[in-house]
Novice: 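Quick one: structure below, then a few questions.
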Amino acid sequence: MERAGDGGAMAAALRAAKQQLRGELRQRLRALGAAEKQRQSRLLGRKVIAHPKYQESKRIAIFLSMPDEVQTEEIIKDIFKQGKECFIPRYKPQSNHMDMLKLSSAEDISSLALTSWNILQPSDDDTAREEALAGGGLDLIFMPGLGFDKKGNRLGRGKGYYDTYLERCMNHPRGKPYTIALAFREQICESVPVTENDVPIDEILYEDC
């Protein structure tokens, strides 16, 4: 019985550590000016476009940025310019379920609905779009997050959407796609607390890496 209790205490301590780090990272991001975010985003866009994994990938999932995230607009434009296929997240509220749905063009983004979380995504009644795992799977996923460490550990926003989606990818015949996180320098941490359900990132791109 003691062992079960210890496990519960450890899980609670881990949750508390994650919450504290999320608070610190949100503060760091709030302090980051718009011009600096834009500068780092442009630099990361160039790193992505020159990256061998990006160049060889045909089917790519990428997030539509919130204001406190690396801006992905230029990367999305390049995906279409290079004739690759682009998939974006559709999150289901009150769950940890997410699908990756196909965009037809960079301009297609302007037709998307804004959710209560202030995220653009295809609406629930938009059933015509291909879901990546219903077709040929994915070669590459660009991952958002609040914080990362250099060992590939990621601190998300606490909903578990990406970890759950990566589990589904592992059951696809194509297997798990390569994962690259896009991060501001300010999001790199000494160490990120993780549980066994947290899937590590293959690579983290930031200014000094």
Novice: Name all residues meeting the side-chain hydrogen bond (donor to acceptor under 3.5 Å, both in side chains) criterion together with R22; count only those two or more places apart in sequence or in a different chain, and write none if there are none.
Specialist: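 For R22 the side-chain hydrogen bond (donor to acceptor under 3.5 Å, both in side chains) partners, ignoring immediate neighbours, are Q19.
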Novice: Are any non-hydrogen side-chain atoms of M170 and V199 less than 4.5 angstrom apart?
Specialist: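 Side chain of M170 against side chain of V199, heavy atoms only: contact under 4.5 Å found.
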Novice: Can you tell me how far the CD1 atom of I119 sits from the OH atom of Y91, to the nearest 0.5 Å?
Specialist: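 Output value for this atom pair is 5.0 Å.
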Novice: Could you tell me which residues satisfy salt bridge (Lys or Arg N to Asp or Glu O under 4.0 Å) with E24, sequence neighbours excluded, listed by chain and number?
Specialist: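 In terms of salt bridge (Lys or Arg N to Asp or Glu O under 4.0 Å), with neighbours along the sequence ignored, E24 is linked to no residue.
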Novice: Take R90 and M98 through the test side chain to side chain contact (heavy atoms under 4.5 Å, CB included) and record every step on the way to the result.
Specialist: CA-CA 6 Å; R90 178 168 69 192; M98 171 178 78; over 6 Å; no
Novice: What I want to find out is whether D99 reaches R129 closely enough, with some N-O distance under 4.0 Å, to be called a salt bridge.
Specialist: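 No salt bridge links D99 with R129.
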Novice: Can you name the side-chain hydrogen bond (donor to acceptor under 3.5 Å, both in side chains) partners of D125, sequence neighbours left out?
Specialist: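 side-chain hydrogen bond (donor to acceptor under 3.5 Å, both in side chains) check on D125 returns S123.
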Novice: Just to verify, what does Y178 make a ring pair (Phe, Tyr, Trp, His ring centres under 6.0 Å) with, not counting sequence neighbours?
Specialist: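 Expected list: none.
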Novice: Does S65 have any side-chain contact (heavy atoms from CB on, under 4.5 Å) partners at least two apart in sequence or in another chain, and if so, which?
Specialist: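 Checked S65 against side-chain contact (heavy atoms from CB on, under 4.5 Å); matches are F63, E69, Q71, T72.
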Novice: For D149, what residues pass the salt bridge (Lys or Arg N to Asp or Glu O under 4.0 Å) criterion, not counting sequence neighbours?
Specialist: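 Residues passing salt bridge (Lys or Arg N to Asp or Glu O under 4.0 Å) with D149: none at all.
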Novice: Could you tell me which residues satisfy salt bridge (Lys or Arg N to Asp or Glu O under 4.0 Å) with R15, sequence neighbours excluded, listed by chain and number?
Specialist: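 Salt bridge (Lys or Arg N to Asp or Glu O under 4.0 Å) list for R15, sorted by chain: empty.
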Novice: Using side-chain contact (heavy atoms from CB on, under 4.5 Å) as the criterion, list what pairs up with K47, not counting sequence neighbours.
Specialist: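 Applying side-chain contact (heavy atoms from CB on, under 4.5 Å) to K47 gives L43, L44, L205, C209.
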Novice: Between H97 and T164, is there a donor-acceptor pair closer than 3.5 Å when you use the side chain of the first and the backbone of the second?
Specialist: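 Pair absent, no side-chain N/O of H97 close to backbone of T164.
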Novice: Using side-chain heavy atoms (C-beta onward) and a distance below 4.5 Å, is R154 in contact with Y162?
Specialist: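 Answer yes - side chains close enough.
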Novice: Contact between L133 and M100 at the side-chain level, heavy atoms closer than 4.5 Å - yes or no?
Specialist: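 No, too far: nothing below the 4.5 Å cut-off.
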Novice: For E130, what residues pass the side-chain contact (heavy atoms from CB on, under 4.5 Å) criterion, not counting sequence neighbours?
Specialist: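 Result, side-chain contact (heavy atoms from CB on, under 4.5 Å) vs E130: R59, E85, F87, K102.
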Novice: Rounded to the nearest 0.5 Å, what separation is found between the CZ atom of R185 and the CG atom of D208?
Specialist: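 Taking CZ in R185 and CG in D208, the distance rounds to 5.0 Å.
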Novice: Applying side-chain hydrogen bond (donor to acceptor under 3.5 Å, both in side chains), name anything that partners R46, two or more places apart in sequence or on another chain.
Specialist: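 So R46 forms no side-chain hydrogen bond (donor to acceptor under 3.5 Å, both in side chains) with any residue.
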Novice: Only counting residues at least two apart or in another chain, list the ones meeting side-chain hydrogen bond (donor to acceptor under 3.5 Å, both in side chains) with R26.
Specialist: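 Partners of R26 under the side-chain hydrogen bond (donor to acceptor under 3.5 Å, both in side chains) test: none.
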Novice: Under a plain distance cut-off of 3.5 Å, with no hydrogens placed, do S105 and D108 share a side-chain donor-acceptor pair?
Specialist: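 No.
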Novice: What pairs with I49 under side-chain contact (heavy atoms from CB on, under 4.5 Å), at least two apart in sequence or on another chain?
Specialist: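 Scan of I49 (side-chain contact (heavy atoms from CB on, under 4.5 Å), adjacent residues dropped) gives Y54, D78.
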